[in-house]
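The first residue of the sequence shown is numbered 1, and numbering continues consecutively from there.
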Amino acid sequence: MQLKNVIESPCGLRYMLDQLELQSGYARRWLLDAPLMTDAEEIAAAYDVLHRFNDFVAQVDKTYIDTLLFKLQGLKDIRTTIKNLHNQAVLDDIELFEIKHLAILATDVAGLMKQHGMEGVVDIPDLNEVITILDPDGMKIATFYIYDSYCAQLKDLRNQMRQNPEQQDDLLLQASELEEGVRKDLSRQLHPFAAAIGQAQLALAQIDVNMAKAMQMRQMGLCFPTVSNDGTSHYEAMFHPQVKAALAPRGRDFQPVDIAFGHNPTLITGANMGGKTVVLKTLTLCQYLFQFAFGIPAASARIAVKDEIYFCIGDEQSVEKGLSSFAAEMKNIDAVIKASRENRELLALIDEPARTTNPTEGAALVSALLQVLADKDMSLVMTTHYDIEPGNARCLRVKGFVNGEMDYQLVEVQDGEVPHEALNIAQSLGIDGEWINMARGLLENSPSA
């Protein structure tokens, strides 16, 4: 699975990508093509590199950083040219320019990185020989021309054209043939460097991406996670960057949440508008960010690696497939159940399943789902506003109203009973008082009150 396959997940991954200050379109394409890492050592190595860039951004003068970022803006996608070179095609002037430009750019960036002890953090191949081939006059200018230095006969013909304009047509044909010969010779000389040129382009994209990730970490207050080896994940002061950013203009702060979960199911209960969905979105976002080596929105995080991530959120009506919200939701949850029976590490985050059906059947479906998944070797975090028997699930509840204000912290409880706070929430929103008071009266006089 690649980043581009999950970028539209409703967890907010698109927002994080859009906030990256990438300098080149090629780096963005490379990042979107990046695979979800499922090997703990690979993830740890990726974070080691990001650590170096984070320290680099923190310690180096801003003017120097700006110079490096400006250089990276010159990175272009020349994969087709590199492929042609690898296949021993004769390159045209534009393709030869692209290679020369990349070689000079890679050499300049390598020099800038070396000045601050960053050489080797991302390996940039030495392309000085490529520059020598394409810049025989040593001008170090990122343009390309069939220079006179390439061929004495060509130089003589060009002099003749300047001195004898009346012979220009015949001489131009001869010069064109010689120029094509030079292109063939240059392509032949460059062919052994095709792999190194491709590696240089990739290295520059990696530098661009890691610089952007490091700057994002500092701007958003993200943390470096550690890799959990026992299958459990722990977050302290976890927050959702997009929701936090949306609250700030209104003078409101996002309330961070602490949460931990492992292979036993975790059930989160609470009234509607109690923040349960935001918790699941944030957990999903954090898992993806972790396995694509981004900073994590939390004060600290220890995260277990998963082979697959399932985020099932309600109201997923599928017009294309002709499915209602309930049918689409059932299909998604069915995929989780099927995957849970295979030998893979899964993380399933299921938000208020069966919310769109009648409460009696809905509660039965949620209870049954919890039982079906309870003995599977997977991590399950599920929210609900149904009162159900939790079985062996760990139960967390949104703290709810405290002193007239909503507290979104999660507290551990012994059962899955849902707090009845819908009327308090409605009242806090300024909903019509007559309606709310009448509802309170009906509740107080109901047989179950």
Side-chain angles (χ1 to χ4, degrees), residues 10-11 257 259 261 264-284 310-317 323-337 340 346-376 378-401 406-429 431 436 439-440 442-444 446-449:
C11 68
V257 171
I259 187 171
F261 58 89
N264 286 335
T266 298
L267 186 68
I268 302 175
T269 61
N272 285 334
M273 291 188 64
K276 304 187 303 300
T277 299
V278 173
V279 169
L280 284 200
K281 285 186 175 183
T282 312
L283 287 175
T284 307
Y310 290 87
F311 181 34
C312 302
I313 187 169
D315 298 329
E316 296 182 76
Q317 192 172 61
L323 298 177
S324 67
S325 297
F326 179 74
E329 178 187 45
M330 292 297 103
K331 287 284 188 181
N332 290 337
I333 294 175
D334 185 60
V336 173
I337 295 171
S340 73
L346 305 182
L347 170 62
L349 304 116
I350 305 177
D351 186 39
E352 299 202 15
R355 74 171 80 183
T356 57
T357 190
N358 72 73
T360 302
E361 288 184 305
L365 283 167
V366 174
S367 295
L369 177 61
L370 202 57
Q371 293 177 39
V372 167
L373 297 178
D375 61 348
K376 302 297 187 295
M378 62 177 290
S379 293
L380 169 67
V381 183
M382 185 165 68
T383 65
T384 187
H385 62 271
Y386 291 131
D387 288 332
I388 62 171
E389 288 296 326
N392 69 337
R394 177 176 178 236
C395 293
L396 301 176
R397 177 172 63 81
V398 177
K399 187 173 286 188
F401 270 86
M406 193 67 183
D407 188 334
Y408 296 99
Q409 286 292 329
L410 298 175
V411 293
E412 192 155 4
V413 293
Q414 298 304 310
D415 56 44
E417 183 178 353
V418 177
H420 299 159
E421 293 185 319
L423 296 184
N424 290 334
I425 292 174
Q427 189 172 26
S428 72
L429 295 172
I431 303 303
I436 302 304
R440 287 192 194 281
L442 291 171
L443 277 175
E444 291 169 0
S446 67
S448 59

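- Under the side chain to side chain contact (heavy atoms under 4.5 Å, CB included) rule, Lys281 has a single partner from Leu283, Thr277, Val278, Val279, which is Thr277.
- The distance from the CG atom of Asn264 to the CE atom of Met378 is 12.0 Å, given to the nearest 0.5 Å.
- Counting all heavy atoms, side chain and backbone alike, Pro10 lies closest to Phe311 at CG-CE2, 3.9 Å.
- Ile388 and Ala363 make their closest contact through CG2-O, 3.8 Å (heavy atoms, listed as atom of the first residue, atom of the second, distance).
- Using a 4.5 Å heavy-atom threshold, the side chains of Thr269 and Cys395 count as separate.
- From Ser367, atom OG reaches atom CG of Asp387 across 10.0 Å, with rounding to the nearest 0.5 Å.
- To the nearest 0.5 Å, the span separating SG on Cys312 from CE on Met330 amounts to 9.0 Å.
- Residues Tyr408 and Val257 come closest through the heavy atom pair O-CG2, 3.8 Å.
- Judged by distance alone, with hydrogens and angles left aside, the side-chain atoms of Glu329 form a donor-acceptor pair with the main-chain N or O of Ala354 at under 3.5 Å.
- Residues Leu346 and Val336 have side chains not in contact (no heavy-atom distance under 4.5 Å, counting atoms from C-beta outward).
- Nearest approach of Met382 to Pro353, heavy atoms of both residues: SD-CG, 3.6 Å.
- Atom OG1 of Thr384 is separated from atom CD1 of Ile268 by 11.0 Å, given to the nearest 0.5 angstrom.
- The main-chain N or O of Arg394 is never found under 3.5 Å from a side-chain atom of Thr266 such that the two would form a donor-acceptor pair.
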Q: Decide side chain to side chain contact (heavy atoms under 4.5 Å, CB included) for Leu396 and Val411; before the verdict, give the C-alpha distance in whole Å, the side-chain angles of both, and the deciding distance to 0.1 Å.
A: CA-CA 5 Å; Leu396 301 176; Val411 293; over 6 Å; no

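- Atom CD1 of Ile337 and atom CG of Leu369 lie 5.5 Å apart (nearest 0.5 Å).
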Q: Decide yes or no on side chain to side chain contact (heavy atoms under 4.5 Å, CB included) for Tyr386 and Leu365, but give the supporting numbers first.
A: CA-CA 10 Å; Tyr386 291 131; Leu365 283 167; over 6 Å; no

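- Annotation: side chain of Ile350 is not in contact with side chain of Asn332 (no heavy-atom distance under 4.5 Å).
- In this structure, OG1 in Thr383 is found 4.5 Å from CG in Leu280, a value given to the nearest 0.5 Å.
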